[in-house]
Amino acid sequence: MSTGFENPYVPAFAKVVEIKDENPITKTFKLKMVNGEALRFRPGQFDIISYFGVGESAFSISSSPEEKDVFENTVRKVGRVTTALFNVKPGDMLGVRGPYGKPWPLEKVVGNDLIIIAGGMGLAPLRPVIHYIAKHRDLYGAVDILYGARTPGDMIYTYEFESWKNIPNTRLYLTVDYVPPNTKWEHDVGVVTELLRYVKPRMRYTSVFVCGPEIMMKFTAQLLLRMGFFPSEVFLSLERRMKCGIGKCGHCQIGYKYVCKDGPVFNLEEIGLLPDVIE
Amino acid sequence: MFIKEDARYWKLEMSFVLKREELPHFSKHIVSKGYSLFAPVKKEGRSAFKKIGEDHVDEISLDYIRTTMPPLKALLIPPKETLLRIKDGRIEEVLPNPADKIAIMGVHPCDVNAMSLLERVYTDRPEDPYFKARRNSLLIIALNCKSADEYCFCTSFGTGPSLDEGFDLLLTDLDEGFLVEVGSRKGAELVGDFYMPKALSTDLMEKDETIRRAKGMIRKHVNTAGIQRIMTGALYNPIWNELAGKCTGCGACNMVCPTCFCFNVVDEIELDSGSVLRSRTWDGCLLWEYAEVALGGNFRRDLSARIRQFVNHKMNYWLNQYGALGCVGCGRCIEQCPARIDITNVVARLRGELL
Amino acid sequence: MVDRTVVYDYISRVEGQGSLVVTISNGKVKDAKLEIFEAPRFFEAFLRGRKALELPELTSRICGICPIAHVITAAKAVENALEISLDERTIALRKALALSGIMQSHALHIYFLAAPDFLGYPSAIAASKDLLDVVKRGFRLKMIANMVSEYIGGRAVHPVTLTVGGFTKSPPVEKLDETIKSLDSSLKDAFETITLVSGFKYPEFESDHINIALSNKGEYAITEGVAKTSSGEYFDSRDYRKHVSEEQVPYSNTKRSIFNGGGPFEVGPVARFNLNYDLLCDAAKEAAEKSGIRPPVKNPFKSTIVRAIEIIQAIEEMRSILKEGVNVPPPRKPKLRQGMGTALTEAPRGLLYHSYVLDREGNVSKADIVTPTAHNSWRIERDIYELVPLVTHLDDNSLRSLLGMLVRAYDPCISCSVHAFTVRLIRE
Amino acid sequence: MVLVHLEESLLEVLKYAELKYFRMVSDDDLPNEPLDVAVVEGAVTNEEEAIMIKKIRRMSKFLVAAGACAVTGGLNAIKNISPEGEVESTVYSSPEHVRSGKAFGLNEYVNVDAYLYGCPIDRRELINTLMSLVMRVPPYIPGLTVCMECKMNGNECVFLTRGELCLGPVTVGGCSALCPSNGVACEGCRGVLKGTNPKGLELAWTNAEISPDLIRLKLRKYSDVYQVPAR
Ligand SMILES: Cc1cc2nc3c(=O)[nH]c(=O)nc-3n(C[C@H](O)[C@H](O)[C@H](O)COP(=O)(O)OP(=O)(O)OC[C@H]3O[C@@H](n4cnc5c(N)ncnc54)[C@H](O)[C@@H]3O)c2cc1C
Ligand code: SF4
Ligand code: SF4
Ligand code: SF4
């Protein structure tokens with residue numbers, strides 16, 4: 001998308017085509033650029049959505065990169081912009097800038113096995129990865145998807161889980177912290193890192209993509225290192241306050257890195273040296 | 001090949017002397033060329049940059065050491081600036097008019113160098129069109145320093161007290177008047193039709209002497225040798241906690257620092273027109289909200305982490321990010337800190353040069 | 001024996017909360033009590049131990065409707081205690097600020113508190129559906145008054161520039177022309193206000209009480225001068241306590257003021273108008289003529305007209321003060337010392353008294369503040385005693401609204417009655 | 001009352017929202033239906049007011065505390081630090097008739113959803129808040145300090161140049177540093193900003209050899225700076 005080549009702060013208009021309820025506080029918005037152009041993005045990149053009069057917020061693009069004329073953002077209601085987005089109806093207009101940021105290194109890890117670890121909303125930036133792998137299955141080795149959420153009701157994209165399991169040489173493991181009474185649950189209970197016991201990594205040939213709450217990423221990263229994964233092969237997608245997405249507003253800096261330009265995807269080697277990473 | 005003598009000769013050719021009493025006329029001349037002129041004026045003993053109307057050229061006073069506000073930052077990224085106006089599904093860019101020419105007179109070397117640093121941030125791709133537009137229409141008449149006070153430490157970074165580039169015209173306060181050196185075509189045009197006698201080599205000597213004297217007045221110093229290694233090594237030094245006991249968390253240092261560039265963006269509804277204004281305002285890393293994310297999460301919850309960010313950004317990260325340290329030694333953050341925290345002191349202590 | 005009890009808690013459209021309990025027995029008022037509901041603020045108590053120089057700012061918070069009057073009065077009292085005299089321009093500029101406060105308050109009262117009564121709407125907001133132009137005119141007048149307050153005081157509510165010894169900052173000369181132009185333009189609205197209020201139907205009722213207002217030579221006194229009474233006495237703020245005493249009434253948080261030897265008395269726009277009519281400017285007199293009222297005004301309901309006239313007076317006088325220039329010298333740093341200082345000024349609702357005793361460090365050891373509402377409260381109760389027997393034919397609802405109107409005519413500012421004030425009707 | 005100060009803007013805002021109860025300008029009674037938004041001014045100083053605010057809380061989806069009094073208790077709260085009854089007896093000869101306890105902000109009694117700081121509150125912030133609520137999103141007041149706005153206005157610091165005690169460094173900004181811009185020190189009417197360090201400020205004053213007495217008076221004005229900030 002070439003909107004705002006001159007003025008990077010000017011959003012382009014996008015129409016809301018469809019809204020899916022993921023869970024009571026999460027919705028997926030299917031958007032279509034009004035100018036008819038496709039939003040060309042790579043898995044792991046994010047866009048910045050405007051609700052005019054309230055503000056802008058960054059969201060990972062959560063749809064398949066192969067889908068050309070529409071794209072999706074999955075939004076959890078936590079504050080001002082996200083509340084405003086929850087009031088939106090199909091047909092409404094939003095502003096979109098982007099895509100921004102460095103994607104998951106899908107080219108670099110060609111040939112490797114992949115472990116995808118996601119916590120809660122953290123599955124959003126990883127969903128395009130899964131769709132990409134499904135399309136280009138022969139490029140990668142074994143794929144394990146480990147997904148944890150607080151409760152079964154907090155999970156997102158549950159309607160796609162069956163199709164993910166059917167991708168060749170791909171396994172999906174699910175866990176929750178807690179199962180409320182009278183809820184059906186036939187998977188694990190416990191933190192997501194415990195799912196790692198199901199995978200038998202070939203360390204050298206395995207890359208790990210992690211996204212979730214900062215605290216979950218912290219424990220996951222520590223465990224992965226202890227297990228012997230290479231720091232350069234463990235990739236995290238970080239989240240920081242952002243006001244511009246283009247390395248001007250300063251908010252997303254971690255040490256000398258900008259999450260918006262140099263990230264949001266970093267490997268552990270890069271992050272290891274930086275302060276203020278994990279709360 | 002360009003030898004030293006040639007340089008000196010060429011410099012003389014393009015150097016003039018502006019008599020002290022001619023300054024108001026020259027200022028008027030600038031205004032008559034269609035520039036909005038900004039220059040320092042004295043207000044209750046302190047100097048501040050103000051827009052100077054034709055009738056107020058007499059108020060300009062180039063005898064000052066430091067203004068509280070960094071003049072170039074305030075001009076190029078105003079404290080509050082509307083970026084977009086959105087109404088009825090249309091987005092209007094509120095860009096500065098490229099025809100509005102601005103001249104700023106009397107900015108000291110540290111501030112000009114700080115602007116070059118801001119330029120690195122704002123013209124890094126994608127370029128910031130607001131900054132860019134203002135920068136393009138800006139004419140800089142810099143002023144070498146003839147004195148310094150207890151807060152100045154520009155010599156540590158080579159950002160003062162004199163300037164070699166980055167100006168359109170450069171003034172040096174000499175006994176009789178101002179030495180005027182030309183640094184660009186725009187500058188040459190401006191002096192082209194205002195009569196000033198050519199400078200003599202003695203004037204250049206006097207300039208060197210003035211600068212030497214100014215240098216001699218500078219007492220603060222930051223040792224920048226290997227500074228990145230030292231700063232990174234000190235990320236977990238207890239000093240940050242100690243500073244957090246003293247720092248008020250007011251963010252004044254962020255505001256007055258000529259190289260602090262962070263901003264917040266807010267949408268507001270303009271009631272009478274019904275349009276949405278999207279504006280940016282200066283922000284600073286000393287604030288709680290700066291690193292706050294949804295649901296109360298905060299990556300720099302402790303004031304110590306915020307102070308560490310400020311000092312490390314200037315003295316460490318800048319170098320990786322934009323190839324230069326982010327401090328020009330203007331001394332503003334030291335002078336304006338109600339808690340009397342001194343960045344040079346912090347670095348010196350981390351280096352073990354001070355207890 | 002109680003045959004009917006009608007409760008009318010919270011008198012609306014007065015600033016603050018209060019209640020009026022009227023017990024009627026055999027067509028006569030047996031008892032009328034003006035009660036205060038809003039918690040009193042105990043300003044006088046917490047002012048003790050604070051610094052004298054903080055007083056204008058602190059007392060400004062007594063009230064959000066007439067903060068300007070408190071700021072000015074407190075500053076004057078402290079100046080008296082510290083024996084600081086002011087230059088003429090500063091005094092003039094203070095008066096202009098005070099007048100802008102009066103205009104703010106009067107515009108609010110006429111259009112938003114009183115007019116709905118006369119036009120038959122529950123509120124100005126409701127009226128704005130049919131009478132948008134009228135409501136907008138009220139907003140406009142208030143806005144221009146705010147603009148002047150902000151121009152001189154730095155902020156429309158709780159001004160900041162006014163300090164002991166003068167102003168911390170002269171108003172910006174660049175904005176002077178604009179300010180004067182706005183005032184010019186508001187004169188038309190002010191005269192239309194006269195037409196509006198002259199057209200209202202006022203209940204026939206008269207009552208006679210002693211009037212007290214500030215008086216000064218050659219001017220319609222607001223900030224300078226001595227108290228003058230309709231009985232022909234004059235007294236200086238220093239002698240205030242010799243003439244006005246106070247008693248606490250058991251049902252109320254307000255104290256009732258008593259004019260020594262004379263009982264209840266009235267302060268406010270009507271008192272000012274009655275006592276200082278001759279000193280009104282020509283435009284104000286013209287307005288009075290137009291609306292057919294002349295001193296002495298004895299019908300409290302007609303205070304609405306007097307307020308409209310005072311708006312004209314305020315505009316005219318602010319204009320001429322501003323035109324003479326707004327540059328004032330910066331205040332000198334006062335020398336703190338022991339002393340006692342008092343001041344009387346005209347707040348929008350009438351005479352306001354501040355008095356402080358300072359210790360050697362300039363700390364407040366005693367504060368005494370009497371607001372116009374406190375001054376008027378007994379008088380309002382007396383009016384009720386007189387009014388009710390004349391209107392015994394009215395049913396409860398009409399009687400309640402009439403009494404509400406009467407109380408409102410005094411524009412009691414309950415939130416601020418330092419010793420501060422629902423209509424409860426009890427028929428026996 | 002702050003609504004009245006909006007003048008014509010009030011009418012603009014009312015195009016989007018309906019005013020249900022506004023005691024000062026209307027005869028209407030407090031409605032018995034649920035309210036979307038309640039904007040409440042004033043401190044809670046007695047039992048009746050506490051009951052009232054709890055009732056308003058139950059009735060309304062969103063509660064805004066407007067003004068210093070509603071946010072922190074305001075100036076009234078100064079008296080909270082003197083012994084019970086002492087204040088009352090200073091003013092009234094028979095204090096037993098006076099119904100008043102200590103003054104507290106609304107959040108002492110109920111959950112508050114948003115705050116409008118200051119005495120008086122800022123007009124622009126009020127409009128922004130109301131318009132946010134009209135759009136059904138939580139309001140936002142940027143978390144910067146008065147000190148920062150003071151610098152942005154290009155003022156000279158009243159503490160550093162004149163030694164006056166200014167609460168700007170720890171006070172919630174948004175007033176455009178009105179007081180310092182008019183040559184007066186900030187009195188902290190907007191309350192303490194989260195993340196600032198009043199202890200550091202007190203230390204700075206002590207180091208500048210300001211009398212402890214003055215410092216004490218300054219730190220306890222519109223809010224006790226050491227109380228947990230409302231924001
Ligand atoms: C690279 C990136 C990808 C993200 N992807 C998603 C996603 O796919 N789905 C999703 O629901 N959320 C995502 N987030 C988080 C999302 O940006 C925040 O939840 C959102 O900004 C909160 O905005 P708000 O106005 O509703 O919240 P408020 O709390 O009202 O926030 C006010 C402002 O603070 C900033 N802010 C607050 N929280 C965050 C945060 N967590 N991250 C960044 N800025 C924040 C924003 O600038 C926002 O405008 C992502 C964040 C980043 C940085
Ligand atoms: S860090 Fe301090 S001394 Fe360095 S440029 Fe910024 S304000 Fe000046
Ligand atoms: S020091 Fe802080 S406020 Fe300044 S530019 Fe760096 S991150 Fe931004
Ligand atoms: S500067 Fe301070 S006292 Fe003045 S309005 Fe702002 S917060 Fe209140």
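By convention in this document, chain letters (A, B, ...) are assigned in the order of the sequence lines, proteins followed by strands, and residues within each chain are numbered from 1.
Closest of all the heavy-atom pairs between A/G247 and B/V121 is O-CG1, 4.2 Å. The heavy-atom pair separating A/V78 from B/A294 by the smallest distance is CG2-CB, 3.3 Å. Of all heavy-atom pairs spanning A/Y9 and B/P129, the tightest one is CE1-CD, 4.2 Å. Of all heavy-atom pairs spanning A/V54 and B/D267, the tightest one is N-OD2, 3.4 Å. Here the closest non-hydrogen pair linking A/G53 and B/I269 is CA-CG1, 4.4 Å.
Geometrically, A/R241 does not engage B/Y290 in a cation-pi contact, judged by NZ or CZ lying under 6.0 Å from the ring centre and within 45° of the ring axis.
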Should B/C262 and A/Q253 be marked as a side chain to side chain contact (heavy atoms under 4.5 Å, CB included) after you check the CA-CA gap, both sets of side-chain angles, and the distance that decides it?
-> CA-CA 10 Å; B/C262 294; A/Q253 295 175 83; 4.2 Å; yes
Step by step, would you call A/K257 with B/Q321 a side chain to side chain contact (heavy atoms under 4.5 Å, CB included)?
-> CA-CA 8 Å; A/K257 301 276 189 191; B/Q321 290 174 328; over 6 Å; no
Under the side chain to side chain contact (heavy atoms under 4.5 Å, CB included) criterion, do B/R278 and A/S50 qualify, and how do the steps go?
-> CA-CA 10 Å; B/R278 181 163 290 170; A/S50 279; 2.8 Å; yes
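No more than 12 heavy atoms of other residues, nucleotides or ligands shown are found within 6.0 angstrom of NZ on A/K15. Annotation: A/R42, atom CZ; neighbour count of heavy atoms from other residues, nucleotides and ligands within 6.0 Å does not exceed 12.
The part of B/R90 that comes within reach of chain A is its backbone (N, CA, C, O), which places non-hydrogen atoms under 4.5 angstrom from that chain. Heavy atoms closer than 4.5 Å to chain B are found in the side chain of A/Y258, but not in its backbone. For a residue to count as touching a neighbouring chain, one of its non-hydrogen atoms must lie under 4.5 Å from one of that chain's; by this rule B/Y130 touches chain A with the side chain only. When heavy atoms are compared at a cutoff of 4.5 Å, A/C244 approaches chain B solely by way of its side chain, counted from C-beta outward.
Contact count versus chain B (heavy atoms, under 4.5 Å) is highest, among A/R80, A/K243, A/E239, A/H251, for A/H251.
Rounded to the nearest 0.5 Å, atoms OH (B/Y122) and CD1 (A/I246) are 9.5 Å apart. A distance of 14.0 Å separates NZ in B/K132 from CG in A/N7, rounded to the nearest 0.5 Å.
Comment: A/K261 engages B/D124 in a salt bridge, judged by a side-chain N to carboxylate O separation of less than 4.0 angstrom.
Between A/Y256 and B/N312, the side chains place no donor N or O within less than 3.5 Å of an acceptor N or O (distance only, hydrogens not considered).
Partner of A/V10 under the side chain to side chain contact (heavy atoms under 4.5 Å, CB included) criterion, out of B/I86, B/I91, B/L83: B/I91 alone.
Side-chain atoms of A/K248 come within 3.5 Å of backbone atoms of B/P126 as a donor-acceptor pair (strictly under, hydrogens ignored).
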